[in-house]
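All values reported here derive from a predicted model rather than from experimental measurement. Residue numbers start from 1 in every chain, and the chains themselves are labelled A, B, ... in the order their sequence lines are given, proteins ahead of strands.
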Protein chains: 2
Amino acid sequence: MRSETGEREAPSFIESARRAQIVECAIDAIAALGYPRASLAQIARRARISKGVISYYFADKDELIRQVVHEVLTAFDSYMRPRIEAERGSAARMLRVYIESNVAFMATHRKHVLVLVDILTHERRFDGKPLIDAKEYESGLMELEQILRRGQRTGEFRRFSTRVMAVSIRQAIDGVAPQIVANPNLDLDAYGAELAEIFDLATRA
Amino acid sequence: MRSETGEREAPSFIESARRAQIVECAIDAIAALGYPRASLAQIARRARISKGVISYYFADKDELIRQVVHEVLTAFDSYMRPRIEAERGSAARMLRVYIESNVAFMATHRKHVLVLVDILTHERRFDGKPLIDAKEYESGLMELEQILRRGQRTGEFRRFSTRVMAVSIRQAIDGVAPQIVANPNLDLDAYGAELAEIFDLATRA
DNA sequence: CCGGTTTCTGACCGCATGGCCAATTTTTAG
DNA sequence: CTAAAAATTGGCCATGCGGTCAGAAACCGG
């Protein structure tokens, strides 16, 4: 299936379908069992195929996981971007929308968000290097910092370390995920509004 | 070593020493390799003993890990408590001291904090039950909420969800740990002050 | 010096994992 | 229809895991 020549051939219909199916089943498996227990065997079982098929389409488990992360991140991005861009006028409104949209996305994409967080917390190595992705994730932090800097430039925001603020906001948002599982009835709209209020007060000039 | 009778005998000198040594080596191993890679074999290697010794003194790995968590949490508690109690007069000052002491503790106990966070994030199961500890940890959240409620009662703080605020504060603090590794020169005093400022503004009436 | 107890070793067990591959079935194209 | 290519199977592998155990060694009171 894989051409060894320089030019990459268009993936066959089956190839795309299988890849998508396997990625989807990986998400299901991680959501159901947690990242550490989501083995290739489990993923294969859910797809009703043999493990070998996964190896056939993905070089190794890392590539599969990277694909899962990419998929979720892409969905996330296309949800967030237009909502934030719509508020270009005010950094304060951008920040509010950033936080609220983020939480709202979690409400409508619970499974995917859970899986993302699970992978990121379990795969991220303290010692740094083999960190498979995190670049895509880290870039999210950069965008957040940009909003903050813009607000400081326009005078809407007070002076503060944009780094510390950005990390705190991200952490506060990420902290929602575990609570969704612990308490499925959690009112996420209210939660998002609370969070937005907290960081509105924290940033305002 | 273990008496089967009801009355527990005083642990021998060797027993206490070994237990302490093993716990210490477990901390080293987790700090160096990360929780998932800190196997009994690795821990034993660092202690220059055979795996069997660990099994001899600890029923299973869970008990060892529970001991590690307990040790770090105890040190943390005895560091924090007096500092916070000293500010009994004002909830706002208590909160500030809570945040700054927390970050300061991280500065002086980097390894132990790293290990704690590593264990907690990796061991916490989404599906809940086998959650070995987390009670001790969760109780920290309660104390934080108490400070917040007190501030609301005295009118120092505005109205907000103490739960959301407490989780956000904890998350913001916990978010420091990974950055310590990524950037060992991080100015934690400044970081703590920034964080305290953020949540001072967010809570003030 | 002895005999029992505590401590410790190193080999071993069963299990699950990620990955590999020869053989087979299915699809595709001439 | 046929033969090459793509897709799939199922068994196999080495590895590392947590945990166990018989027996050796060290220790200690009498």
Original post:
Expressed in angstrom and rounded to an integer, what is the separation of Tyr56(B) atom OH from dG18(D) atom P?
Top reply: 22 Å
**OP:** For Arg18(B) and dC27(D), give me the distance from atom CZ to atom P, rounded to whole Å.
**Re:** 11 Å
Original post:
Do any of residues 41-49 of chain B sit with a heavy atom less than 4.0 Å from DNA chain D, and if so which?
Top reply: none
Subject >> Selection from dC17(D), dC8(C), dT17(C) that lies nearest to any side-chain heavy atom of Ser39(B) >> reply: dC17(D)
Original post:
Can you check the Arg37(B) CZ to dT17(C) C1' distance for me, whole Å?
Top reply: 14 Å
Original post:
Are a donor atom and an acceptor atom from the side chains of Thr162(A) and Glu145(A) found within less than 3.5 Å of each other?
Top reply: yes
Original post:
Between atom CD1 in Ile54(A) and atom P in dA7(D), what is the gap in whole Å?
Top reply: 16 Å
Subject >> base_contact_polar (dG19(C) base, Lys51(A) side chain, donor-acceptor, <3.5 Å) >> reply: yes
Original post:
In whole angstrom, what separates Leu40(B)'s CG from dG16(D)'s C1'?
Top reply: 12 Å
Original post:
What integer distance in Å separates Ile22(B):CD1 from dT7(C):P?
Top reply: 11 Å
Subject >> Whether over 12 other heavy atoms sit under 6.0 Å from Glu71(B) CD >> reply: no
Subject >> Nearest-nucleotide 5' precedence on DNA chain C, Ser50(B) against Ala59(A) >> reply: Ser50(B)
Original post:
To the nearest Å, how far apart are Phe58(B) CZ and dT20(D) C1'?
Top reply: 18 Å
Original post:
Taking only residues two or more places apart in sequence or in another chain, which ones pass side chain to side chain donor-acceptor pair (under 3.5 Å) with Ser50(B)?
Top reply: none
Original post:
For the side chain of Tyr57(B), counting heavy atoms from C-beta on, which of dT7(C), dT9(C), dT8(D) is nearest?
Top reply: dT7(C)
Subject >> Which residues share a side chain to side chain donor-acceptor pair (under 3.5 Å) with Ser101(B), sequence neighbours left out >> reply: none
Original post:
Separation of Lys61(A) atom NZ from dT17(C) atom P, in whole Å?
Top reply: 8 Å
Subject >> Partners meeting salt bridge (charged side-chain N to carboxylate O under 4.0 Å, His left out) with Asp77(B) (sequence neighbours left out) >> reply: Arg81(B)
Subject >> Test side chain to side chain donor-acceptor pair (under 3.5 Å) applied to Arg46(B) - qualifying residues, sequence neighbours left out >> reply: none
Subject >> Pairing residues for Arg159(A) by the side chain to side chain contact (heavy atoms under 4.5 Å, CB included) criterion, not counting sequence neighbours >> reply: Gln152(A)
